[in-house]
Amino acid sequence: MVQPSFSHPRSDPSSSSTSNSPTAALDAFLDNQHQSYFEELYKSEAVCLCILRSLPPVCRHLILHHLWSHMPLRTTEVKSFLQLDVHTQLEVVDEIVRPALNRKIIHPMIHKKNKFYWPWNDAFKKGLRNALTGLGTSNSFGVPFDRPDDVELPSQEDLVAYGEEAFEGILKYMVSSGLGIGFSVARPQAEVLELLHISGLMIDPTDTTGENPNLNKMTITSKGFQFLLEDRQTQLWEILMYYLTAKEANSERSAEVLSMFFSLGCMQLGQDYSASKSFPHALSALNDLAQYGFIYRPSPDSDQFFPTHLATALCSGDAAATKGQEADEKRFLILETNYKIYAYTSNELEIAILNLFVDIRIRYPNLVVGKLDRKNVKSAMEKGISANQIISYLSSHAHPQMYNSPPPLLHPTIVDQLHLWDRERNRLKTEDTVMLEFFSKELFEDTENEAKANAALQLSVSTQKFLFIEPQTKAAITDFVKERQNQLRSGF
């Protein structure tokens, strides 16, 4: 069995504090799963290792500290380990281990014989022990392909180039459909386009029902534009979760497919594996991943496959690794306080993404000069891109030279201006309403009280005796007005 790396996940120093976790889509999916789903997942040692890596450091250390104990995880031991006061409330301690509870690593707290403790999930405990000691029979870390020693293999650089070309080809196709930019890139396969449609990243404007799209007329949606501005690892997990959701919709077992994702995240770049022995129950899903650049196969029918950097970095916590670039290469933006932007890149995709919200004025072979202005930024916001997403993109791609200036990384004037431009779109809010006009002050006040009591009142203008009510309550309020009007005329 190929042994995985147990190194501590590294964080990307360029990531913005305002950005979401790269695995947010995965976390949202797992949060909605039942205990039985996790029991199925934890049959794989690779899943146990990757779930451990995804936990906060405190939970990770607690689990590793008690992993070899035969006793449940007691609250007193947790307090002692974290150097908390013995009188610390149980709710506080329970919240500390909440991430482990959410992933069903431990069961809810039990009170027995004046002791509080969390029972272990035996399936996870066994799986993680096997992962750390190299035991287990699930082959979840991959089975190396049996080949002659003299066969020439693709280099790591070749695999990185293949993965980048395949995935960036999909992103370029999305951009070109929305901006009319002609990229020299092949049209993605029908299965990929169908997934982009199902996920809402692209639509066919001529298909009013949304059920029979013409894949040749697909255009990017506002959700797709937002997707383009995410960092690479976030994009990868979102695509995988869209794929997994589609599998569930077809009544296929998604636990096996998700286990395969985690297994790929623990494999080694440059090592070849046997598809039939590594994933005997998920071969069709493995073939689909080749279309996105996660794996490379010498031929469509070959049992041999190579995971690319897109797959091997899924569970490493290293967002930079999925870029296929050096750290300095992916940080190419210099933003001045006069809103001028200098982008030191020749990557067509990065330039096209910049063109979403930047007025590009000069372009050299390896340098693009533009400016953030109200027209282009608001145009991007009309496409569904928010100010926070623009700020996050500018921060995560900031040139190393910008880190030499005192913090914050982006000048507050620019950040505030982006938020102001965003708020300009939301200054007015429209709502459907029904207006009632009264000539009697008493009838106006009675109807106003009735509307308030039934949560139907939107606005009251007492000086002109106007009432604005919810449209769905029109019939009830009108009946009340007629009845009360008759009462007032009768002297009641």
Side-chain angles (χ1 to χ4, degrees), residues 6-13 15-42 45 47-132 233-234 237 241 258 262 265 315-319 388 392 395 407-408:
F6 301 113
S7 59
H8 188 283
R10 292 171 291 173
S11 59
D12 184 5
S15 61
S16 171
S17 59
T18 60
S19 62
N20 294 325
S21 166
T23 59
L26 171 65
D27 296 336
F29 178 85
L30 292 177
D31 286 342
N32 294 320
Q33 303 306 318
H34 296 289
Q35 178 75 31
S36 58
Y37 192 89
F38 284 93
E39 295 293 335
E40 183 73 17
L41 283 179
Y42 291 153
E45 291 85 8
V47 173
C48 298
L49 180 62
C50 291
I51 292 295
L52 176 75
R53 286 174 168 175
S54 69
L55 296 176
V58 171
C59 283
R60 197 157 57 233
H61 289 308
L62 275 172
I63 291 170
L64 291 175
H65 183 72
H66 293 84
L67 182 63
W68 304 102
S69 172
H70 296 288
M71 303 297 293
L73 186 61
R74 297 177 181 175
T75 57
T76 53
E77 293 175 337
V78 173
K79 291 179 183 179
S80 175
F81 183 79
L82 300 178
Q83 297 181 357
L84 298 175
D85 188 271
V86 291
H87 301 296
T88 302
Q89 294 182 350
L90 292 177
E91 292 80 5
V92 175
V93 184
D94 198 57
E95 194 60 31
I96 292 174
V97 299
R98 177 64 53 188
L101 283 167
N102 292 340
R103 294 294 167 262
K104 310 298 187 291
I105 295 172
I106 54 178
H107 299 296
M109 185 187 298
I110 292 177
H111 179 217
K112 190 175 182 180
K113 296 181 179 180
N114 295 325
K115 294 180 181 180
F116 293 90
Y117 59 87
W118 298 273
W120 278 94
N121 182 330
D122 292 333
F124 176 87
K125 196 172 188 179
K126 178 181 178 181
L128 185 57
R129 284 179 175 180
N130 289 340
L132 296 176
Q233 197 168 31
T234 301
W237 273 115
M241 290 302 103
L258 183 55
F262 286 120
C315 303
S316 68
D318 187 1
N388 284 331
S392 175
S395 300

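All values below were derived from every heavy atom in this structure, side-chain atoms included, with hydrogens, water molecules and symmetry-related copies excluded. Every value quoted in this text rests on a predicted model; they were computed, and no experiment measured them.
Taking the six-membered ring where the residue is Trp, Phe29 and Tyr37 present perpendicular rings, their angle passing 60° and hence far from 30°.
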| request: For side chain to side chain contact (heavy atoms under 4.5 Å, CB included), just list the numbers for His107 and Gln35, CA-CA rounded to whole Å, side-chain angles, deciding distance to a tenth of an Å, and then say yes or no. | output: CA-CA 10 Å; His107 299 296; Gln35 178 75 31; 3.5 Å; yes
| Evaluation steps, side chain to side chain contact (heavy atoms under 4.5 Å, CB included), between Val78 and Phe116 | CA-CA 11 Å; Val78 173; Phe116 293 90; over 6 Å; no
| request: Applying side chain to side chain contact (heavy atoms under 4.5 Å, CB included), run through Leu258 and Met241 and close with a yes or a no. | output: CA-CA 9 Å; Leu258 183 55; Met241 290 302 103; 3.9 Å; yes
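Nearest heavy-atom pair, Leu49 versus Ala131, reported as atom, atom and distance to 0.1 Å: CB-CB, 4.4 Å. The shortest non-hydrogen separation linking Cys50 to Cys315 is SG-SG, 3.1 Å. Here the closest heavy-atom approach between residue Glu39 and residue Asn121 is recorded as OE2-ND2, 3.1 Å. Among all heavy-atom pairs drawn from Tyr117 and Arg74, the shortest one is CB-CA, 3.8 Å. The two atoms that bring Pro119 and Pro72 nearest to each other are CA-CB, 4.2 Å, heavy atoms only. Heavy-atom minimum distance, Asn130 versus Glu45: CB-CG, 3.5 Å.
Interatomic distance, CZ of Arg98 versus CD of Glu91, reported as 10.5 Å (0.5 Å rounding). Note: Arg103 CZ to Cys48 SG = 13.5 Å, rounded to the nearest 0.5 Å. With rounding to the nearest 0.5 angstrom, the CG atom of Leu26 is 9.0 Å from the CG atom of Asp31. Trp68 contributes atom CH2, which lies 6.0 Å from atom CG of Leu132 (distance to the nearest 0.5 angstrom). Atom SG of residue Cys59 and atom CD1 of residue Ile106 lie 7.5 Å apart, to the nearest 0.5 angstrom.
The side-chain heavy atoms of Asp27 and Asn102, taken from C-beta on, include no pair separated by under 4.5 Å. Side-chain atoms of Ile51 and Leu41, non-hydrogen and from C-beta on, never get closer than 4.5 Å to each other. With contacts defined as side-chain heavy-atom distances shorter than 4.5 Å, the pair Trp118/Thr75 qualifies. Looking at heavy atoms from C-beta onward, Lys126 lies out of side-chain contact with Tyr42 at the 4.5 angstrom threshold. Put simply, the side chain of Leu90 does not reach to within 4.5 Å of the side chain of Glu95, judged on heavy atoms. In this structure, the side chains of Leu62 and Glu77 stay at 4.5 Å or more apart for every pair of heavy atoms.
No more than 12 heavy-atom neighbours from other residues, nucleotides or ligands sit within 6.0 angstrom of NE2 on His34.
Checking side-chain atoms of Lys79 against main-chain N and O of Val86 turns up a donor-acceptor pair under 3.5 Å.
In terms of the side chain to side chain donor-acceptor pair (under 3.5 Å) criterion, Trp237 has no residue partners (sequence neighbours excluded). Every side-chain contact (heavy atoms from CB on, under 4.5 Å) that Ile63 has, sequence neighbours left out, goes to Leu52, Leu55, Ala100, Ile105, Trp120, Phe124, Leu128.
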